[in-house]
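Presented below is the structure to which this report refers.
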2 protein chains.
Amino acid sequence: MKKRLSIADIAEALNISKTSVSFILNGQAEEKRISKKLVDKVVQYVEEVGYKPNLLAKSLRTGKSNTIALMVEDISNPFFASIARLIEDRAYQNGYRITYCSTDNDTAKTKDMIGIFQDRHVDGYIIAPPEGIEDDILSLQKNNLPVVLFDRYLQHADTDYVITDNKAGTHQATNMLAKNGYKKIAFITFANPQVQMRDRLQGYLDAIKQNNLEHFVAEVLFSRNDQDITKPILDFLNQHKQLDAVVFGTNHVGACGLKAIQQLGLKVPDDLAVISFDDYDVFQLHSPPVTAIAQPIQQIANQVINLLLNKLNGATDILQTQQIVIPGQLHIRSSSAAKIS
Amino acid sequence: MKKRLSIADIAEALNISKTSVSFILNGQAEEKRISKKLVDKVVQYVEEVGYKPNLLAKSLRTGKSNTIALMVEDISNPFFASIARLIEDRAYQNGYRITYCSTDNDTAKTKDMIGIFQDRHVDGYIIAPPEGIEDDILSLQKNNLPVVLFDRYLQHADTDYVITDNKAGTHQATNMLAKNGYKKIAFITFANPQVQMRDRLQGYLDAIKQNNLEHFVAEVLFSRNDQDITKPILDFLNQHKQLDAVVFGTNHVGACGLKAIQQLGLKVPDDLAVISFDDYDVFQLHSPPVTAIAQPIQQIANQVINLLLNKLNGATDILQTQQIVIPGQLHIRSSSAAKIS
């Protein structure tokens with residue numbers, strides 16, 4: 001076991017005072033008028049012996065841990081996993097590491113984890129928030145801890161946030177299906193009262209109304225077991241045989257929806273046209289490839305980490321918040337091709 | 001801002017000594033012969049005012065942080081994201097939280113991160129290791145910090161590990177293709193000298209030899225950009241038009257391989273039968289569905305966290321290591337159906 005060198009060890013080895021070593025290692029040499037020669041001597045020795053300051057003790061002194069908490073709904077969801085990866089890269093390049101958790105959209109678990117992170121002196125928070133954590137976020141901000149929300153925001157908390165224009169996304173998708181000749185277009189989504197899901201529903205309803213069509217909405221309960229999602233979609237499609245198109249509200253609903261369509265033996269797009277929110281490999285590789293409302297993952301990750309780093313390095317004030325809404329991109333593929341009537 | 005109560009505040013409010021408060025909060029009341037009445041008084045007050053001990057200070061005193069480091073190759077890979085999710089759940093249930101990083105299979109980055117985690121008093125390590133970190137692992141073990149490896153192991157480090165039986169997986173898959181009448185079977189994989197990838201190649205080669213067939217192996221370089229993987233696979237398939245089947249070495253190579261097959265307009269399995277290592281939505285939803293060698297993700301995650309928890313709670317000694325090899329499962333789908341000759 002390689003013992004970590006202490007400041008006292010360095011001072012003894014070089015026969016200088018502990019105070020001088022401490023000032024030099026903390027970058028206060030100039031301020032404390034320590035000679036360049038002494039600084040070089042200490043720096044050279046430290047490089048030779050590989051001294052590393054005890055980060056935990058340092059964090060107790062400074063209150064900083066160079067750690068960012070990343071709280072996503074579910075790290076195994078490809079949308080969150082991809083965002084997490086990009087944020088992790090940018091954080092690492094800027095000297096921060098990530099500590100993360102999956103909230104499951106569970107308010108109590110999220111509050112609990114924020115408490116733990118705060119006790120551990122986490123410097124900043126990136127959260128895809130569940131409902132009901134406004135007070136916890138305000139408390140973080142009052143403690144001068146920056147918070148950036150993404151994917152959804154909380155109406156009664158004034159924070160930085162970065163979201164996709166959800167309403168415009170489903171509006172454009174539904175509108176295209178109508179223009180392509182589809183008359184019975186359903187929207188299948190998770191039962192979730194949060195703003196991002198309400199906006200997606202609203203975009204669909206607006207487009208349906210504009211095109212004087214009938215609306216068909218199915219809300220399924222979230223489950224960790226895909227079969228519990230696939231089954232109600234299958235039942236809904238069976239009970240609405242008049243449907244000629246469907247928009248799925250998330251990648252997860254979309255993947256389970258495709259399984260239901262596969263089990264029903266429906267042909268896409270001849271029997272049922274398909275568009276899903278969120279783009280990923282499953283939609284691109286499906287036969288036929290599935291049209292998707294892609295969230296701009298790289299842009300979201302960049303904006304999120306930029307907002308947070310600006311607050312962490314003091315470039316923007318903690319209470320000076322910015323709300324960024326990024327348009328989604330409709331990746332048009334053959335699953336929504338014009339209807340052959 | 002709600003100020004955190006200190007032990008001194010509690011002592012002052014109740015007019016008792018700080019030492020008594022400290023003993024009571026650290027569960028040493030009985031040992032220190034403190035009266036039940038005083039303990040109740042302190043506990044009741046602490047519950048009323050919501051005192052929480054500063055975990056960071058506690059961790060400096062005890063050297064424990066209730067944190068497990070999880071180091072995967074890439075958190076955005078569905079295999080690692082799924083394992084991470086399951087490990088996170090089990091860790092949380094057992095009072096631990098996860099701090100994670102993607103290593104990119106980069107030895108220097110991994111060593112760097114282990115150093116940072118160690119400075120932060122992380123209690124245990126779960127690592128899908130790159131090559132060349134044997135010394136760092138030995139050093140952790142010497143410091144009584146348990147390490148469990150998964151997905152691959154290091155030949156010169158005696159650790160707990162949990163892996164899939166990689167050789168048997170590709171052997172069984174290749175053998176089935178041969179039995180189904182395919183004669184020109186290729187293996188397309190990442191150029192990676194690590195044990196898990198060598199074993200997958202060896203399983204393929206053994207089955208090819210047993211069936212007296214010719215072998216075709218392509219190794220592509222890993223890239224974060226899918227097109228850099230798809231392109232060499234496309235070129236290889238173009239240069240080997242005699243192939244009638246292919247086994248892909250990982251989910252990532254498999255997904256890119258399917259894109260190459262799509263671009264070439266090849267029909268699966270009539271023009272080219274397909275099997276891939278690792279199962280996920282892409283393979284299940286592909287038309288036709290793709291046969292996959294599924295890694296038992298739930299079992300791997302459970303074994304990994306069990307091994308680590310047993311060491312963390314002292315049930316097994318740090319140097320008493322266990323190696324667990326779990327068979328993969330061949331999920332047979334129509335992409336490898338018997339050849340029509």
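Letters A, B, ... are given to chains in the order of the sequence lines, protein chains preceding strands, and every chain is numbered from 1. Bear in mind that the values here come from a model prediction, so they are computed numbers and not experimental data. Below, all heavy atoms of this structure are taken into account, side chains as well, without hydrogens, waters or symmetry copies.
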Side chain proximity check, A/Val282 to B/Tyr280, heavy atoms < 4.5 angstrom
no

Portion of B/Leu70 that has a non-hydrogen atom of chain A nearer than 4.5 angstrom:
side chain

Please flag which part of B/Tyr92 lies under 4.5 Å from any non-hydrogen atom of chain A: side chain, backbone, both or neither.
side chain

Can you name the nearest heavy-atom pair linking A/Ala81 to B/Ala81, along with the distance?
CB-CB, 4.2 Å

Tell me, side chain or backbone of B/Asp226 under 4.5 Å from chain A's heavy atoms, or both, or neither?
side chain

Who wins among A/Thr67, A/Leu138, A/Ile261, A/Asp89 for the most heavy-atom pairs under 4.5 Å with chain B?
A/Asp89

Minimal heavy-atom distance between B/Ser76 and A/Ser82, with the atoms involved, is CB-CA, 4.1 Å

If I measure from the heavy atoms of chain A, does B/Phe79 come under 4.5 Å with its side chain, its backbone, both, or neither?
neither

Atom CG of B/Leu86 and atom CD1 of A/Ile75: how far apart are they, to the nearest 0.5 Å?
12.5 Å

Heavy atoms from other residues, nucleotides or ligands near CD of A/Gln329 exceed 12 (cutoff 6.0 Å)
no

Contact class of B/Phe283 relative to chain A, heavy atoms under 4.5 angstrom
neither

Can you tell me which portion of A/Ser139 sits under 4.5 Å from chain B's heavy atoms? Options are side chain, backbone, both or neither.
neither

So, the part of A/Gln284 with a heavy atom under 4.5 Å from chain B: the answer is both

With the threshold set at 4.0 Å, does a side-chain nitrogen-carboxylate oxygen contact exist between B/Asp112 and A/Arg97?
no

Could you report the tightest heavy-atom contact between A/Leu285 and B/Ala255, atom names first, then the distance?
CD1-O, 3.7 Å

Which bit of B/Asn77 is near chain A, if near means a heavy-atom gap under 4.5 Å: side chain, backbone, both or neither?
neither

Relative to chain A, which segment of B/Pro289 carries a heavy atom at a distance below 4.5 Å: side chain, backbone, both, or neither?
side chain

So, for A/Arg85 and B/Arg224, which heavy atoms are closest and what is the spacing to 0.1 Å?
NH2-NH1, 3.0 Å

For the backbone of A/Ile98 and the side chain of B/Thr99, can you confirm whether one donor and one acceptor N or O come within less than 3.5 Å of each other?
yes

Within the supplied structure, the quantity of interest is the number of heavy atoms (other residues, nucleotides, ligands) at a distance under 6.0 Å from A/Lys231 NZ; does it exceed 12?
no

Could you tell me the separation between the NE2 atom of A/His286 and the CG atom of B/Leu258, rounded to the nearest 0.5 Å?
12.5 Å

